[in-house]
There are 2 protein chains.
Amino acid sequence: MSKIQHRSLYLEVADRVRDLIERGDLAPGERISEKQLCERFGVSRTPLREALKVLASEGLIELLPNRGARVMRLTLKMVKDTYDLMGALEGLSGELACQNISDEGIKAIRALHDEMLRHYRDRNLANYFQVNQKIHEGILAASANEVLQEMYSNLSQRVKRVRYSKKMTDDFWHRAVQDHEHMIIALEARDGKRLGQILRDHLCNKLEAVSLAGVIEEERTLDAANA
Amino acid sequence: MSKIQHRSLYLEVADRVRDLIERGDLAPGERISEKQLCERFGVSRTPLREALKVLASEGLIELLPNRGARVMRLTLKMVKDTYDLMGALEGLSGELACQNISDEGIKAIRALHDEMLRHYRDRNLANYFQVNQKIHEGILAASANEVLQEMYSNLSQRVKRVRYSKKMTDDFWHRAVQDHEHMIIALEARDGKRLGQILRDHLCNKLEAVSLAGVIEEERTLDAANA
DNA sequence: TGGATGAATTTTGAATTCTTAATATCTTTC
DNA sequence: GAAAGATATTAAGAATTCAAAATTCATCCA
């Protein structure tokens with residue numbers, strides 16, 4: 001039996017706009033027309049504008065006074081900064097997880113790890129990614145720090161658009177799997193410092209993959225668009 | 001000549017509500033009446049409600065559907081979690097600062113450090129705190145990571161209410177100053193890993209001071225209030 | 001033809017109004 | 001006298017309306 005719960009309209013709208021941004025239906029730098037979105041969602045401007053304010057404070061859009069909103073443009077520096085931050089947070093999550101995770105929890109992560117290895121051997125990138133993410137989410141959850149989880153998911157949301165670059169070189173993939181081998185060893189030994197360090201460096205690798213993929217627009221693009 | 005700039009009303013309101021919460025004029029757990037605040041600020045409900053939504057997404061208040069807002073209640077666990085997070089962020093700021101800070105920047109921090117030591121010797125707690133904060137802000141700024149700064153200031157805002165406990169034992173104070181001695185050495189050596197580690201542990205000490213001061217309400221208090 | 005000026009239109013900002021849900025009060029009944 | 005139900009009151013959610021700013025577009029002049 002599902003709980004009878006009337007979520008506020010502005011939350012619903014915020015979710016849907018987040019979706020649109022993530023899927024790329026709203027392009028970075030694109031001006032967001034209030035009227036257009038109102039019609040699309042079938043709501044009045046009040047809840048829509050409330051949602052936009054929330055999204056702005058989440059860093060997904062920017063609000064230009066008297067000129068409406070636009071999807072936040074990602075510069076290479078912003079993404080780098082965000083990844084540095086996410087690395088620090090993942091590192092912390094690893095440390096805390098080693099303190100707080102149950103033995104069953106470790107077993108569950110181990111099972112995911114083995115499953116991921118199978119997908120790696122099969123060269124099944126999609127499944128690999130999925131299980132990979134579950135592992136990181138598992139460690140994050142095991143940290144038992146809700147504030148950390150909240151911050152992480154906000155940061156993650158911001159860079160989601162550039163995250164999954166389809167072209168993953170064999171070299172990077174191999175290194176990522178190696179990282180995970182070290183991670184599971186550190187976790188099973190409950191060596192928090194070590195797991196933290198690995199997780200942090202692990203994310204740096206991911207950033208390399210992203211910036212190489214060239215998904216992000218360079219600063220000069222931004223200047224051009226602003227002019 | 002100052003720029004003619006009309007900040008949006010909702011931003012103004014959000015700032016003022018933040019202030020009220022920080023100063024304790026709005027008590028934790030206290031129900032926030034929209035009408036009352038509207039009258040107090042002389043604005044209509046629309047910008048006020050937009051401000052409340054932003055504050056909710058910042059974690060300062062919570063929005064109960066159809067029941068208005070109330071100031072977020074801080075539990076001991078929440079503060080602990082937040083401090084863990086802030087520690088990780090300070091650690092990162094130290095690492096990045098060592099990479100990015102200029103020689104002049106280091107000299108400026110050194111000057112602040114020496115000033116702080118003077119205040120310590122004079123047992124001038126207020127001035128000590130002020131300069132101490134400037135040092136941490138200086139390192140944060142030197143990290144040259146705006147996303148980090150934004151996140152840090154958000155977290156800092158959340159726990160500002162409990163932060164400055166007046167009673168600081170000599171022992172804690174001594175340890176804090178020692179930490180700072182090590183910090184400045186690491187910074188001048190541009191030893192990022194070390195500075196990061198010190199900053200992280202440094203904040204842990206602060207948390208001890210806070211939790212000992214007993215400013216925060218325990219979980220049971222929360223339950224009682226919710227019942 | 002190109003740029004500047006000013007009216008018309010559009011869009012955003014904010015207040016008001018309307019609607020619905022929650023809370024308090026008052027009956028009524030046992 | 002207490003509990004359950006009905007009604008009144010209040011407050012929140014959302015749409016509409018009004019006001020102000022920005023944008024567009026047409027006109028005028030160099």
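Every chain is numbered from 1, with letters handed out A, B, ... down the list of sequences. The structure presented is a predicted model; accordingly, all values stated were derived computationally and were not measured.
B:Ile61 has its CD1 atom 12 Å from the P atom of D:dA12, to the nearest Å. Between the CG atom of B:Leu52 and the P atom of D:dA11 there is a distance of 15 Å, rounded to whole Å. Between B:Leu9 atom CG and D:dA19 atom P the separation is 17 Å, expressed in whole Å. Taking atom CZ of residue A:Arg7 and atom P of nucleotide C:dA21, one finds them 17 Å apart after rounding to whole Å. To the nearest angstrom, C1' of C:dG13 lies 14 Å from CD of A:Glu50. Between the OH atom of A:Tyr10 and the P atom of D:dA15 there is a distance of 15 Å, given to the nearest Å. Taking atom CG on B:Leu63 and atom P on D:dA14, their separation rounds to 11 Å, with Å as the unit. Distance, A:Leu64 CG to D:dA22 P: 12 Å, rounded to whole Å.
Of the residues in residues 31-39 of chain B, not one places a heavy atom less than 4.0 Å from an atom of DNA chain C.
Between the side chain of B:Glu30 and the main chain of B:Ala27, a donor-acceptor pair closer than 3.5 Å is present. A donor-acceptor pair is defined here as one N or O able to donate and one able to accept, closer than 3.5 Å; such a pair exists between the side chain of A:Asn154 and the backbone of A:Glu58.
Ring geometry for B:His113 versus B:His180: interplanar angle under 30°, hence parallel rather than tilted (30 to 60°).
Under the side chain to side chain donor-acceptor pair (under 3.5 Å) criterion, the residue pairs touching residues 98-108 of chain A are A:Asp103-A:Arg190, with sequence neighbours excluded.
Of the two residues contacting DNA chain D, namely A:Arg45 and B:Lys53, the nearest-nucleotide position lying further toward the 5' end is that of B:Lys53. Between B:Asn66 and A:Asn66, the residue whose closest nucleotide on DNA chain D is further toward the 5' end is B:Asn66.
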Checklist entry - Given the rule in the salt bridge (charged side-chain N to carboxylate O under 4.0 Å, His left out) test, do B:Glu150 and A:Arg158 qualify, once you have shown the distances and angles that lead to the verdict? => result CA-CA 14 Å; B:Glu150 177 197 331; A:Arg158 292 195 197 189; 2.8 Å; yes
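With contacts defined as side-chain heavy-atom distances shorter than 4.5 Å, the pair A:Leu148/B:Asp84 does not qualify.
Look at B:Ser44 and you'll find a side-chain N or O under 4.0 angstrom from OP1 or OP2 of C:dA15. Contact check, B:Arg67 against D:dG13: no side-chain N or O comes under 4.0 Å of OP1 or OP2.
Between B:Gln133 and the choices B:Glu137, B:His136, B:Gln130, the side-chain hydrogen bond (donor to acceptor under 3.5 Å, both in side chains) rule is met once, by B:Glu137.
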